[in-house]
Amino acid sequence: MRWTNTLIPTIKEVPADAEIPSHQLMLRAGLIRQLMAGAYTYLPLGWRAIQKAAQIVREEMDAAGAAELHMPALQPLGLFERTQRKEAFGSVLIQFNVPRGNRLIPMALGPTHEEVVTDLISHCISSYKQLPLTVYQIQTKFRNEERPRFGVLRTSEFLMKDAYSFSSSVEQLDEIYDRMYRAYCRIFARCGLKYLPVEAESGPIGGDASHEFMIPADNGEDSIVYCEASGYAANMERADTGRKTPEIKTSPNAAALEKKATPEATSIEQVSKFLGCEPSQMIKTLIYLADGEPVAVLIRGDHEANEGKIRRALEATSVELADEKTIQQVTSAPTGFAGPVGIKCKIIADHDIPLIENAITGANAADMHLLNVNVGRDYQLDTTYDLRNAEAGDPCPKSGEPLSIVHGIEVGHVFKLGTKYTEALDANFLDEKEKRHPIIMGCYGIGVNRIVAGLAETRHDEKGLIWPLSIAPYEVLVIPLNTNEEEVMQTAERYYSELKAAGVDVLFDDRNARAGVKFNDADLIGIPYRIVIGGKGLKNGEIETKWRTAENAEMIALDAGIAPILEALEAKKQEEYQAANVPA
RNA sequence: CGGGACGUAGCGCAGCCUGGUAGCGCGCUACACUGGGGGUGUAGAGGUCGCAGGUUCAAAUCCUGUCGUCCCGACCA
């Protein structure tokens, strides 16, 4: 492609609205332009990078035995009503009525395709002999983000690869899940990303039912609990800590229980300020309804309760914060003054709770808190649980080494779905004994544009982007230094056409611009291999080549033609593939 | 949806407090010189100051409303 025939609007200054590197660089390098909050145009360079990523995704999905198809983005709203996801999605689901004659048809723009694909499969599959089956598509998804942000990382319209597997047994599902998991590792490695498979929520199937694939990045939205020593990685909802139940006994330093008025101080922050104490000295008493039964959950004041852990500890199917009325019944006080002492319901506590000497808690009376509360003397615990979010420094559940919290960009998610959608939409199969069962599903998503944004976010220097060869919009950039010199232009044209004929993705900077402009743009858009043709070199019978990542250029002889360039590209591809550590 | 900031030429910004002919840099157009890291000169083009209403002889500037964009938080199958 000739530079003058395409659209690469590079920007010298940093756009005011962009804060994070990927957003700034993608704008500056002419990859994207914003249409409105949460909706971006991909310009030729950006779109080519996306297509490269999509192609890698296709190759690996096909190799993993999945079949590509294409489903409508326009979907009947009724499907979402049948799976109850109209409510679950809420304002995220973009919906509207479309006039058809004198009727209005309620529709939605697909935020994902579980409903559509399950509906499809329910009509096509009826026997266990047709299973397992995995299908996928690469398609634009629509989710109304209440607050789009971070440029192209969080938008209301984005390109997603979504795959769905259908199987007749959990064993079949497990096998497909492992295959998808490996395909994902290969995809992200081939794209040149440093990625982390992270344990995520366990679904209805239980066990290792879900992994998120994260790119570690300071500007990532998600928090990952990570242990360098053991490789343990889990998201905040899921992460266990290696803490154990401590000895539960009254502290020898226990001071006399004291009741203190704390008018209108209901939050940890307010009370700690009012009493001049640290939040870590306080016990937060949260009243939950576990399958309808009230339970008091004790968490240290400076910690975050984790509902998933609470649900598992109680062996409940549903857990939600109790309503005002329940709290009033259990604590004899309005919300904000609950405490373990004398509370009228079951109590469970986090591991850290018995360790707090002379704690401060609600007094189960309006506008009152208790000081010097101690376990054993003032309230009783048989055991303790891991009920809070992991924090940096907590022991790793595998190695016992301190955990760290790293931020990440979610680029992929694999999930054992189970039969939620197949039951709701009547997608069944007949087994060998003519018994009907709902098909068992898995779903597997990749944010294709996040692959590109993730690379921009993590691979750049002060001059601009640094693409790996596998995703680079063009592999080679040919720069004739002075377009007025006939010999320079003829030579450059020759290299351009020969490289193109050899199947290399080559961009030809045929602009009549100064060298500085071309070099700076070259660094900004980050094409991996640069070939410079100038008068001085030609006099010596040489042209200059330089890798974007290299410090210095190398001269190669004109006589050699494009052969050394093709060799260098091939060697670099091998080198990148080796370095990426692509699993088998 | 709560909190904060900002809307002036394609981009980055000044002017606003204290109302009185809309400016700077980059980019763009033409010509000339120049030609290995955003070059120089000359001459130009381009703006209903986000939008609406109000105050005033007079509004980019003051007031009210509204729309948009960004950031923090809530939310995110």
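Please read these numbers as outputs of a predicted model, since none were measured by experiment. Chain A is the first sequence line, chain B the second, and so forth, proteins listed ahead of strands; every chain is numbered from 1.
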*Looking across every strand, which nucleic acid part, if any, lies under 4.0 Å from Glu221(A) by heavy atom: base, sugar-phosphate, or nothing?*
nothing
*asked:* Can you identify which nucleotide, out of G35(B), A74(B), A77(B), has its nearest atom closest to the Arg149(A) side chain?
replied: A74(B)
*If the C1' atom of C26(B) is compared with that of A59(B), how far apart are they to the nearest Å?*
30 Å
*Between the base of G37(B) and the side chain of Arg530(A), is there any donor-acceptor pair under 3.5 Å?*
yes
*Taking only the side-chain heavy atoms of Arg143(A) (C-beta and beyond), determine which of G37(B), G35(B), A77(B) contains the nearest atom.*
A77(B)
_Integer angstrom distance from the C1' of G68(B) to that of U8(B)_ = 15 Å
*NA contact type, Ala513(A), heavy-atom cut-off 4.0 Å: base, sugar-phosphate, or nothing?*
base
*asked:* Of the listed nucleotides (C75(B), G38(B), U69(B)), which one gets closest to any side-chain atom of Glu146(A)?
replied: C75(B)
*asked:* Contact between Phe158(A) and Val152(A) at the side-chain level, heavy atoms closer than 4.5 Å - yes or no?
replied: no
*Indicate, with a heavy-atom threshold strictly under 4.0 Å, whether Arg511(A) touches base, sugar-phosphate, or nothing.*
nothing
*Using atom P of each nucleotide, how far apart are A45(B) and G50(B) to the nearest Å?*
24 Å
*Taking everything shown except Glu304(A) itself, do over 12 heavy atoms lie less than 6.0 Å from its CD?*
no
*Base G38(B) to side chain Arg514(A), donor-acceptor N/O within 3.5 Å cut-off*: no
*Give the B/S/- string for nucleotides 9-15 of chain B, one per nucleotide from 5' to 3', where a protein heavy atom under 4.0 Å of the base yields B, of only the sugar-phosphate yields S, and otherwise -.*
--BSS--
_Nearest-Å distance once atom C1' is located in both G3(B) and G15(B)_ = 29 Å
*Under a 4.0 Å N-O cut-off, is there an ion pair linking Asp302(A) with Lys284(A)?*
no
*For Met71(A) and Val117(A), run side-chain contact (heavy atoms from CB on, under 4.5 Å): C-alpha distance rounded to whole Å, both residues' side-chain angles, the deciding distance at 0.1 Å, then the answer.*
CA-CA 8 Å; Met71(A) 294 178 270; Val117(A) 76; 3.7 Å; yes
_Options C72(B), C26(B), G35(B), nucleotide nearest the side-chain atoms of Lys12(A)_ = C26(B)
*Using the closest heavy atom to pick a nucleotide of RNA chain B for each, name whichever of Gly38(A) or Val517(A) lands nearer the 5' end.*
Val517(A)
_Residues Lys546(A), Glu551(A): salt bridge by 4.0 Å N-O rule_ = no
*Determine the contact category for Val92(A): base if any of its heavy atoms lies under 4.0 Å from a base atom, sugar-phosphate if only primed atoms, P, OP1 or OP2 are that close, otherwise nothing.*
nothing
*Lys86(A) to Phe80(A) six-membered ring, cation-pi geometry met (6.0 Å, 45°)*: no
*Look at the side-chain N and O atoms of Arg147(A) and state whether any lies under 4.0 Å from the OP1 or OP2 oxygen of C72(B).*
yes
*asked:* Between Arg149(A) and Glu221(A), does any side-chain N to carboxylate O distance fall below 4.0 Å?
replied: yes
*Counting any heavy atom closer than 4.0 Å, what does Phe150(A) reach on the DNA or RNA strands: base, sugar-phosphate only, or nothing?*
sugar-phosphate
*Salt-bridge contact Lys141(A)-Asp162(A) (side-chain N to carboxylate O under 4.0 Å)*: yes
*Would you indicate which nucleotide in G35(B), U69(B), C26(B) comes nearest to any side-chain atom of Gln34(A)?*
U69(B)
*Would you classify Asp162(A) as touching base, sugar-phosphate or nothing, given that sugar-phosphate means primed atoms plus P, OP1 and OP2, and contacts are heavy atoms under 4.0 Å?*
nothing
*Which nucleotide in A77(B), C70(B), G37(B) has an atom nearest any side-chain atom of Asn520(A)*: G37(B)
_Complementary nucleotide for G10(B) - Watson-Crick or wobble, under 3.5 Å_ = C26(B)
